[in-house]
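Here the structure comes first, spelled out in structure tokens, and everything after it is commentary.
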Amino acid sequence: MNTKITELLGIKYPIIQGGMAWIAESTLASAVSNAGGLGLIAGGSAPIDYLREQIRKTKATVNGKPFGVNIMLMSPNAEDLARLVVEEEVPIVTTGAGNPGKFMDSWKEAGIKVIPVIPSVALAKRMERAGADAVVAEGTESGGHIGENTTMCLVPQVADALDIPVIAAGGIADGRGIAASIMLGAEGVQVGTRFLAAEECQIHPTYKELVVKAKDTDSIVTGRSTGHPCRNVKTKFAKRLVSGEKDGSLTPDEFEEITLGSLRKAVQDGNLEEGSFLCGAIAGMITEVKPCRDIIEEMFSQAESLLNK
Ligand code: TUI
């Protein structure tokens, strides 16, 4: 499937793997890039030396294919990482959880393709004016830190408002989601949750099992009281957080304290008592762990047959 995104990024399939904090490392990124998509390494809050090593490892295993780095702008290491991607000649950068405007000039000067993730038309327009090459329009169905608008409503409005290509994200895990995204005006998709259940994804087995066993109603949004809403698997821990936020027994400060380090506890330890297992609302549709190549090829074979109908 050739679109403006396959052309822009030099990839076979117009699919970007989500830059999932604590999750998206070189094994997953390199499997996605080698399968013809765009693999991403997540900046998260990891130490710079670790990220440099992850970038070099990915570069060494993708046989010249493109890959990228996601920079989470709320992270304390965002400035350092913004410099690191230039030093290490990373070809593509995506950003999340903020406005990357102040880094844009240095990235463009270095020849980096920049794709901010945005939750609204206003921010999308600002990113286009600042020189973004494309945007990811991310609906509230996504896992992790989310905006309010749905993929179905956001993508066509962003596509109408911009001249640069739009990538749809949020609730996409099979070929129907890709075909629908194209119909909404997107030139590609970003997929996170489906890759949680990839063989190459290095998360704790308990995390993968939660995703594979999830039903349609098994995601929940925590953090609304703090202004940083985050979609998770509906574990007892997540339910307790939400009820504490709702009845006022958990102040925003207490919430921040309890959730500090909870992503790491989920990803590395599979800790059901204290871990935040971020996942999208589409998890209920995912029932099997498979290699990235099979996931991508099956998604696009289904999308192409639907679009050819
Ligand atoms: O960034 C994400 N998803 C994430 S980041 C993350 S790590 C985290 N940990 C604890 C609390 C919060 C996050 C887990 N998942 N997706 C991209 C995304 N970006 N969604 C929403 C936004 C966004 C929000 C506001 C982008 C820009 C923005 O700009 C506000 C402004 O104008 O500065």
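The shown structure was predicted, so the numbers you read here are calculated from the model rather than taken from an experiment. Whatever order the structure lists them in is the order used to number ligands and atoms, beginning at 1. As a basis for the values below, the full set of heavy atoms in this structure was taken, side chains included, without hydrogen atoms, waters or symmetry mates.
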- Message: Under 3.5 Å, is there a donor on one side chain and an acceptor on the other for His228 and Thr226?
- Response: no
- Taking all heavy atoms of Glu273 and all of Phe237, pick out the closest pair and write down the distance. O-CD1, 3.1 Å
- Query: Under 4.0 angstrom from atom 10 (C) of ligand 1, is there any protein heavy atom?
  - Reply: no
- ligand 1 to Asn99, heavy atom cutoff 4.0 Å, flagged ligand atoms 33 (O)
- Message: Any nitrogen or oxygen of Ala97, side chain or backbone, less than 3.5 Å from one on ligand 1?
- Response: yes
- Message: Salt bridge check, Glu298 against Lys290: does any charged N sit closer than 4.0 Å to a carboxylate O?
- Response: yes
- Note on the structure: A student checking ligand 1 against Val117 at a 4.0 Å heavy-atom cut-off should list atoms 17 (C), 18 (C), 19 (N), 26 (C)
- Task: Return yes if some donor-acceptor pair links the side-chain N/O of Glu128 with the main-chain N/O of Gly131 below 3.5 Å, else return no.
- Result: no
- Query: Does Glu138 reach ligand 1 with a nitrogen or oxygen that is under 3.5 Å from one of the ligand's nitrogen or oxygen atoms?
  - Reply: yes
- Query: Should Pro119 be listed as contacting ligand 1, given a heavy-atom distance under 4.0 Å as the test?
  - Reply: yes
- Message: Under 4.0 Å from a heavy atom of Leu278: which atoms of ligand 1 are those, numbered in the order shown and with their elements?
- Response: 14 (C)
- Query: With backbone taken as N, CA, C and O and side chain as the heavy atoms from C-beta onward, which portion of Met74 lies under 4.0 Å from ligand 1: side chain, backbone, both, or neither?
  - Reply: side chain
- From Thr27, Val289, Leu28, residue fulfilling side chain to side chain contact (heavy atoms under 4.5 Å, CB included) relative to Cys201: Leu28
- Proximal candidate to atom 21 (C) of ligand 1 [heavy atom criterion; set Glu148, His145, Glu256]: His145
- Polar contact flag, side-chain donor to acceptor under 3.5 angstrom, Asp253-Thr251: no
- Against heavy atoms of Gly144, which atoms of ligand 1 measure under 4.0 Å? 14 (C), 15 (N)
- Atoms in ligand 1 with a heavy atom of Met72 nearer than 4.0 Å: 5 (S), 7 (S), 8 (C)
- Message: I'd like to know if the side chain of Thr222 pairs up with that of Asn232 as donor and acceptor (distance under 3.5 Å, no hydrogens or angles considered).
- Response: yes
- Task: Look at atom 28 (C) of ligand 1 and say which protein heavy atom is nearest, naming residue and atom and giving the distance to 0.1 Å.
- Result: Leu123 CD2, 3.4 Å
- Under 3.5 Å donor-acceptor, Glu141 side chain and Thr151 backbone: yes
- Item | Thr58 to Ser26 - nearest heavy-atom pair and separation | OG1-CB, 3.0 Å
- Task: Could you check atom 26 (C) of ligand 1 against the protein and tell me its nearest heavy-atom contact, residue, atom and distance included?
- Result: Gly98 N, 3.4 Å
